[in-house]
Amino acid sequence: MEWFLIFVSVAVVWLASLCKILHSSFYPNQSPFLNNNAGSIQKKNVLLVIAHPDDESMFFSPTINQLTSRGHNVHILCMSTDVRKEELYRASAILKLPLQQVTALDHPDFQDGFGKVWNSNKLAKIVEKKIFAHAIDMIITFDNYGVSGHCNHRDVHQGVRRFILDTSKRYIEAWELVSSNIVRKYSGPIDIWLSFWSVKGEMHCLVNEHPLRSYAAMSQHLSQWVWFRKLFVSFSSYTYVNTLRKINNGQVL
(Lines give C-alpha, C1' and ligand atoms only; values in the text may rest on other atoms or scores of the structure.)
Protein backbone atom coordinates (compact mmCIF):
# COMPACT_ATOMS: atom_id res chain seq x y z
CA MET A 1 0.00 0.00 0.00
CA GLU A 2 2.84 2.39 0.84
CA TRP A 3 4.54 1.73 -2.51
CA PHE A 4 1.24 2.37 -4.28
CA LEU A 5 0.84 5.72 -2.52
CA ILE A 6 4.40 6.67 -3.42
CA PHE A 7 3.76 5.74 -7.05
CA VAL A 8 0.55 7.77 -7.15
CA SER A 9 2.27 10.76 -5.54
CA VAL A 10 5.13 10.69 -8.04
CA ALA A 11 2.67 10.31 -10.92
CA VAL A 12 0.67 13.32 -9.72
CA VAL A 13 3.79 15.48 -9.42
CA TRP A 14 4.98 14.27 -12.82
CA LEU A 15 1.68 15.19 -14.48
CA ALA A 16 1.52 18.54 -12.67
CA SER A 17 5.05 19.34 -13.85
CA LEU A 18 4.25 18.33 -17.41
CA CYS A 19 1.11 20.49 -17.35
CA LYS A 20 3.24 23.41 -16.17
CA ILE A 21 5.56 22.92 -19.14
CA LEU A 22 2.74 22.52 -21.65
CA HIS A 23 1.12 25.63 -20.18
CA SER A 24 4.30 27.51 -21.07
CA SER A 25 3.82 26.61 -24.73
CA PHE A 26 0.52 28.52 -24.74
CA TYR A 27 1.63 31.27 -22.35
CA PRO A 28 5.41 31.61 -22.82
CA ASN A 29 7.24 32.51 -19.62
CA GLN A 30 9.12 35.77 -19.46
CA SER A 31 12.56 34.47 -18.64
CA PRO A 32 15.00 37.34 -17.99
CA PHE A 33 17.60 35.54 -20.10
CA LEU A 34 18.84 37.90 -22.83
CA ASN A 35 16.56 40.71 -21.66
CA ASN A 36 18.00 44.20 -21.22
CA ASN A 37 17.54 46.41 -18.17
CA ALA A 38 14.23 47.68 -19.54
CA GLY A 39 12.90 44.12 -19.75
CA SER A 40 12.80 43.92 -23.55
CA ILE A 41 14.46 41.13 -25.52
CA GLN A 42 17.87 41.81 -27.04
CA LYS A 43 18.13 39.84 -30.29
CA LYS A 44 21.40 37.90 -30.44
CA ASN A 45 23.46 35.87 -32.87
CA VAL A 46 24.00 32.73 -30.82
CA LEU A 47 26.48 29.91 -31.48
CA LEU A 48 25.71 26.53 -29.90
CA VAL A 49 28.91 24.42 -29.84
CA ILE A 50 28.28 20.68 -29.47
CA ALA A 51 30.36 17.53 -29.80
CA HIS A 52 28.08 15.13 -31.70
CA PRO A 53 25.01 15.04 -33.91
CA ASP A 54 22.07 14.45 -31.50
CA ASP A 55 23.55 16.60 -28.66
CA GLU A 56 21.30 19.43 -29.81
CA SER A 57 18.18 17.28 -29.41
CA MET A 58 19.13 15.26 -26.33
CA PHE A 59 20.50 18.09 -24.19
CA PHE A 60 19.95 21.60 -25.59
CA SER A 61 16.44 21.57 -27.09
CA PRO A 62 14.86 23.68 -24.28
CA THR A 63 17.46 26.38 -24.95
CA ILE A 64 17.06 26.17 -28.74
CA ASN A 65 13.28 26.32 -28.53
CA GLN A 66 13.30 29.35 -26.24
CA LEU A 67 15.84 31.22 -28.34
CA THR A 68 14.21 30.57 -31.72
CA SER A 69 10.72 31.39 -30.42
CA ARG A 70 12.01 34.79 -29.31
CA GLY A 71 13.61 35.61 -32.64
CA HIS A 72 17.26 34.97 -31.79
CA ASN A 73 19.51 33.81 -34.61
CA VAL A 74 20.87 30.39 -33.56
CA HIS A 75 23.82 28.67 -35.25
CA ILE A 76 25.05 25.16 -34.46
CA LEU A 77 28.69 24.10 -34.69
CA CYS A 78 29.00 20.32 -34.36
CA MET A 79 32.61 19.26 -33.90
CA SER A 80 32.34 15.65 -35.07
CA THR A 81 30.28 13.94 -37.74
CA ASP A 82 29.88 10.72 -39.70
CA VAL A 83 26.84 9.22 -41.39
CA ARG A 84 24.78 11.20 -38.89
CA LYS A 85 25.33 14.51 -40.67
CA GLU A 86 22.02 14.28 -42.54
CA GLU A 87 20.30 13.28 -39.31
CA LEU A 88 21.57 16.48 -37.71
CA TYR A 89 20.17 18.53 -40.59
CA ARG A 90 16.75 16.86 -40.31
CA ALA A 91 16.66 17.35 -36.53
CA SER A 92 17.68 21.00 -36.92
CA ALA A 93 14.81 21.55 -39.35
CA ILE A 94 12.39 20.18 -36.74
CA LEU A 95 13.91 22.63 -34.24
CA LYS A 96 13.26 25.51 -36.67
CA LEU A 97 16.93 26.15 -37.44
CA PRO A 98 17.88 27.12 -41.03
CA LEU A 99 20.21 24.49 -42.48
CA GLN A 100 22.71 27.14 -43.62
CA GLN A 101 23.23 27.90 -39.91
CA VAL A 102 24.17 24.31 -39.06
CA THR A 103 27.80 23.25 -39.49
CA ALA A 104 28.94 19.65 -39.02
CA LEU A 105 32.70 19.21 -39.23
CA ASP A 106 34.50 16.09 -40.37
CA HIS A 107 37.92 16.96 -38.98
CA PRO A 108 40.28 14.01 -38.41
CA ASP A 109 41.25 15.41 -34.98
CA PHE A 110 37.65 15.66 -33.77
CA GLN A 111 36.12 12.24 -34.19
CA ASP A 112 33.47 10.70 -31.95
CA GLY A 113 34.96 8.38 -29.33
CA PHE A 114 36.94 7.98 -26.15
CA GLY A 115 40.37 7.23 -27.59
CA LYS A 116 41.81 10.71 -28.09
CA VAL A 117 41.72 14.07 -26.33
CA TRP A 118 40.56 16.88 -28.62
CA ASN A 119 43.06 19.72 -28.89
CA SER A 120 41.54 22.73 -27.12
CA ASN A 121 43.69 25.28 -28.96
CA LYS A 122 42.72 23.93 -32.36
CA LEU A 123 39.08 23.75 -31.32
CA ALA A 124 39.24 27.35 -30.09
CA LYS A 125 40.53 28.48 -33.49
CA ILE A 126 37.60 26.77 -35.23
CA VAL A 127 35.16 28.43 -32.84
CA GLU A 128 36.84 31.80 -33.42
CA LYS A 129 36.53 31.46 -37.20
CA LYS A 130 32.83 30.64 -36.90
CA ILE A 131 32.22 33.55 -34.56
CA PHE A 132 33.79 36.13 -36.86
CA ALA A 133 32.12 34.65 -39.96
CA HIS A 134 28.63 35.10 -38.50
CA ALA A 135 29.05 38.06 -36.12
CA ILE A 136 28.32 35.84 -33.13
CA ASP A 137 27.91 37.65 -29.82
CA MET A 138 26.98 34.70 -27.57
CA ILE A 139 28.27 31.12 -27.18
CA ILE A 140 26.48 28.23 -25.46
CA THR A 141 28.07 24.85 -24.79
CA PHE A 142 28.53 22.07 -22.22
CA ASP A 143 29.99 22.63 -18.77
CA ASN A 144 33.18 20.90 -17.66
CA TYR A 145 31.36 17.63 -16.82
CA GLY A 146 29.38 17.61 -20.06
CA VAL A 147 26.07 16.19 -18.71
CA SER A 148 27.14 12.57 -19.10
CA GLY A 149 30.85 12.91 -18.45
CA HIS A 150 31.63 12.10 -22.09
CA CYS A 151 35.18 13.18 -22.85
CA ASN A 152 34.17 14.83 -26.15
CA HIS A 153 31.61 16.99 -24.34
CA ARG A 154 34.25 18.04 -21.83
CA ASP A 155 36.76 18.76 -24.60
CA VAL A 156 34.26 21.06 -26.33
CA HIS A 157 33.89 22.96 -23.07
CA GLN A 158 37.66 23.31 -22.77
CA GLY A 159 37.93 24.54 -26.36
CA VAL A 160 35.27 27.22 -25.85
CA ARG A 161 36.86 28.19 -22.55
CA ARG A 162 40.23 28.51 -24.29
CA PHE A 163 38.66 30.83 -26.87
CA ILE A 164 37.14 33.00 -24.13
CA LEU A 165 40.49 33.23 -22.36
CA ASP A 166 42.36 34.14 -25.53
CA THR A 167 39.93 36.45 -27.28
CA SER A 168 40.16 40.21 -27.10
CA LYS A 169 36.44 40.42 -27.99
CA ARG A 170 35.15 40.76 -24.44
CA TYR A 171 31.63 41.57 -25.56
CA ILE A 172 31.08 37.90 -26.45
CA GLU A 173 29.13 36.14 -23.70
CA ALA A 174 29.63 32.44 -22.96
CA TRP A 175 27.14 30.20 -21.18
CA GLU A 176 27.36 26.55 -20.15
CA LEU A 177 24.69 23.90 -19.65
CA VAL A 178 24.78 22.89 -15.99
CA SER A 179 25.16 19.15 -15.37
CA SER A 180 22.89 17.65 -12.72
CA ASN A 181 23.18 14.56 -10.53
CA ILE A 182 21.75 11.24 -11.71
CA VAL A 183 18.52 11.54 -9.69
CA ARG A 184 17.66 14.92 -11.17
CA LYS A 185 18.90 13.85 -14.59
CA TYR A 186 16.19 11.18 -14.82
CA SER A 187 13.42 13.02 -12.99
CA GLY A 188 11.82 14.22 -16.21
CA PRO A 189 9.60 17.31 -15.96
CA ILE A 190 9.74 17.22 -12.15
CA ASP A 191 13.17 18.79 -12.35
CA ILE A 192 11.72 22.13 -13.45
CA TRP A 193 10.92 22.91 -9.79
CA LEU A 194 14.39 21.93 -8.58
CA SER A 195 15.95 23.94 -11.38
CA PHE A 196 14.00 27.08 -10.50
CA TRP A 197 14.99 26.72 -6.84
CA SER A 198 18.67 26.10 -7.59
CA VAL A 199 19.40 29.07 -9.84
CA LYS A 200 21.62 31.73 -8.30
CA GLY A 201 23.94 34.46 -9.49
CA GLU A 202 24.50 34.48 -13.25
CA MET A 203 22.26 31.49 -13.96
CA HIS A 204 19.01 31.12 -15.90
CA CYS A 205 16.43 28.35 -16.04
CA LEU A 206 14.89 27.80 -19.49
CA VAL A 207 11.76 25.64 -19.69
CA ASN A 208 11.12 23.76 -22.91
CA GLU A 209 8.01 25.28 -24.43
CA HIS A 210 7.83 22.56 -27.10
CA PRO A 211 8.81 19.17 -25.55
CA LEU A 212 7.05 17.19 -28.30
CA ARG A 213 9.18 19.02 -30.86
CA SER A 214 12.28 17.87 -28.99
CA TYR A 215 11.12 14.25 -29.11
CA ALA A 216 10.41 14.58 -32.84
CA ALA A 217 13.86 16.11 -33.41
CA MET A 218 15.64 13.28 -31.63
CA SER A 219 13.66 10.73 -33.65
CA GLN A 220 15.39 12.09 -36.78
CA HIS A 221 18.65 10.57 -35.52
CA LEU A 222 17.63 7.15 -36.82
CA SER A 223 21.05 5.57 -36.24
CA GLN A 224 20.73 6.43 -32.53
CA TRP A 225 16.98 5.99 -32.11
CA VAL A 226 17.10 2.76 -30.07
CA TRP A 227 14.88 1.88 -27.12
CA PHE A 228 17.12 3.28 -24.37
CA ARG A 229 17.45 6.65 -26.10
CA LYS A 230 13.69 6.80 -26.50
CA LEU A 231 13.47 6.30 -22.74
CA PHE A 232 16.17 8.91 -22.19
CA VAL A 233 14.35 11.57 -24.17
CA SER A 234 11.11 10.76 -22.33
CA PHE A 235 12.55 10.72 -18.81
CA SER A 236 15.58 13.03 -19.02
CA SER A 237 15.23 16.39 -17.33
CA TYR A 238 17.21 17.88 -20.24
CA THR A 239 14.18 17.37 -22.48
CA TYR A 240 12.14 19.67 -20.27
CA VAL A 241 14.49 22.26 -18.80
CA ASN A 242 17.99 23.69 -19.21
CA THR A 243 19.92 25.60 -16.57
CA LEU A 244 22.55 27.87 -18.08
CA ARG A 245 25.41 29.39 -16.12
CA LYS A 246 27.56 32.25 -17.34
CA ILE A 247 31.27 31.77 -17.93
CA ASN A 248 33.38 34.84 -17.22
CA ASN A 249 36.70 34.95 -19.09
CA GLY A 250 36.85 31.16 -18.98
CA GLN A 251 35.97 30.95 -15.29
CA VAL A 252 32.54 30.06 -13.92
CA LEU A 253 31.00 32.92 -11.98
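It should be emphasised that the depicted structure is a prediction, and the values quoted were computed from it without experimental measurement. If you read the sequence from its start, that first residue is 1, and numbering goes on from there.
The neighbour count for K125 NZ, taken as heavy atoms of other residues, nucleotides or ligands under 6.0 Å away, does not exceed 12.
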Pair S180-K185, side chain to side chain contact (heavy atoms under 4.5 Å, CB included): steps then yes or no = CA-CA 6 Å; S180 59; K185 184 177 179 180; 3.9 Å; yes

Under the side chain to side chain contact (heavy atoms under 4.5 Å, CB included) rule, what do K44 and I136 come out as? Steps first, then yes or no, please.
-> CA-CA 8 Å; K44 298 279 188 178; I136 298 297; over 6 Å; no

Verdict with supporting geometry, N121 and R162, side chain to side chain contact (heavy atoms under 4.5 Å, CB included) | CA-CA 7 Å; N121 290 319; R162 170 54 54 191; 3.4 Å; yes

Check step by step if side chain to side chain contact (heavy atoms under 4.5 Å, CB included) holds for H107 and M79.
-> CA-CA 8 Å; H107 197 289; M79 300 308 301; over 6 Å; no

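Residues V226 and L222 do not share a hydrophobic cluster, defined by chaining ILVMFWY side chains whose heavy atoms lie under 4.5 Å apart. I94 and Y89 end up in different hydrophobic clusters when Ile, Leu, Val, Met, Phe, Trp and Tyr side chains are linked at under 4.5 Å. Taking hydrophobic clusters as Ile, Leu, Val, Met, Phe, Trp and Tyr residues chained together by side-chain heavy-atom distances below 4.5 Å, Y145 does not share a cluster with V160.
Closest approach of I247 and H157 over heavy atoms only: CD1-CE1, 4.1 Å. Closest non-hydrogen pair, Y240 versus S234, comes out as OH-O, 2.7 Å. Smallest separation of non-hydrogen atoms from P53 and H221: C-CE1, 3.7 Å. Considering every non-hydrogen atom in both L177 and L244, the closest pair reads CA-CD2, 4.0 Å. Of all the heavy atoms in V156 and L123, the pair that sits closest is CA-CD1, 4.0 Å.
Side-chain contact between S80 and Q111 is absent, with no heavy atoms from C-beta onward closer than 4.5 Å. Taking the side chain as every heavy atom from C-beta outward, W118 and Q158 never approach each other to under 4.5 Å. When side chains are defined from C-beta on, R213 counts as touching L95, because their heavy atoms get closer than 4.5 Å. The side-chain heavy atoms of P98 and S92, taken from C-beta on, include no pair separated by under 4.5 Å.
Under the 3.5 Å distance criterion, with hydrogens and angles disregarded, a donor-acceptor pair is assigned to the side chains of S195 and R184. A donor atom on one side chain and an acceptor atom on the other are not found under 3.5 Å apart for D54 and Q220.
Grouped by direct or indirect side-chain proximity (heavy atoms under 4.5 Å, Ile/Leu/Val/Met/Phe/Trp/Tyr only), M203 sits with V178, V199.
Proximity of the aromatic rings of W225 and F232 is defined here by a centroid distance below 6.0 angstrom, and this criterion is not met. Taking the ring centroids of H150 and F142, they lie at or beyond the 6.0 Å cut-off.
Between I140 and the options N242, L48, V74, V49, a side chain to side chain contact (heavy atoms under 4.5 Å, CB included) holds for only L48. Paired with R84 under the rule salt bridge (charged side-chain N to carboxylate O under 4.0 Å, His left out), one option of D55, D106, D112 passes, and it is D112.
Checked by atom type and distance alone, the side chain of N152 never pairs as donor or acceptor with a backbone atom of A51 at under 3.5 Å. Formation of a donor-acceptor pair under 3.5 Å by the E173 side chain with backbone atoms of M138 is not found in this model. Between the side chain of Q66 and the backbone N or O of V207 there is at least one donor-acceptor pair closer than 3.5 Å. Between the side chain of S179 and the main chain of V147, a donor-acceptor pair closer than 3.5 Å is present. In this structure a side-chain-to-backbone donor-acceptor pair under 3.5 Å is missing from N45 to D137.
Once rounded to the nearest 0.5 Å, the distance linking CD of E86 with CG of L99 reads 9.0 Å. Within the model, atoms NE2 of H75 and NE2 of H134 stand 5.5 Å from one another, a figure rounded to the nearest 0.5 Å. With values rounded to the nearest 0.5 angstrom, D109 atom CG is found 7.5 Å from N119 atom CG. Between the NZ atom in K230 and the OG atom in S219 there is a gap of 9.0 Å [rounded to 0.5 Å]. One distance of note links CG of L88 with CD of E56; it measures 5.0 Å at 0.5 Å rounding. With rounding to the nearest 0.5 angstrom, the CD1 atom of I139 is 5.0 Å from the CZ atom of F163.
In this pair, H153 and F59 present their aromatic rings perpendicular. The plane angle is above 60°, beyond the 30 to 60° band.
When the side-chain hydrogen bond (donor to acceptor under 3.5 Å, both in side chains) test is applied to R154, no partner is found at least two apart in sequence or on another chain. With sequence neighbours left out, S69 forms a side-chain contact (heavy atoms from CB on, under 4.5 Å) with E209. By the side-chain hydrogen bond (donor to acceptor under 3.5 Å, both in side chains) test, S237 pairs with no residue at all, sequence neighbours left out. For S214, the side-chain contact (heavy atoms from CB on, under 4.5 Å) criterion is met by S61, N65, N208, T239, not counting sequence neighbours.
For residues 87-105, there are no salt bridge (Lys or Arg N to Asp or Glu O under 4.0 Å) pairs, not counting sequence neighbours.
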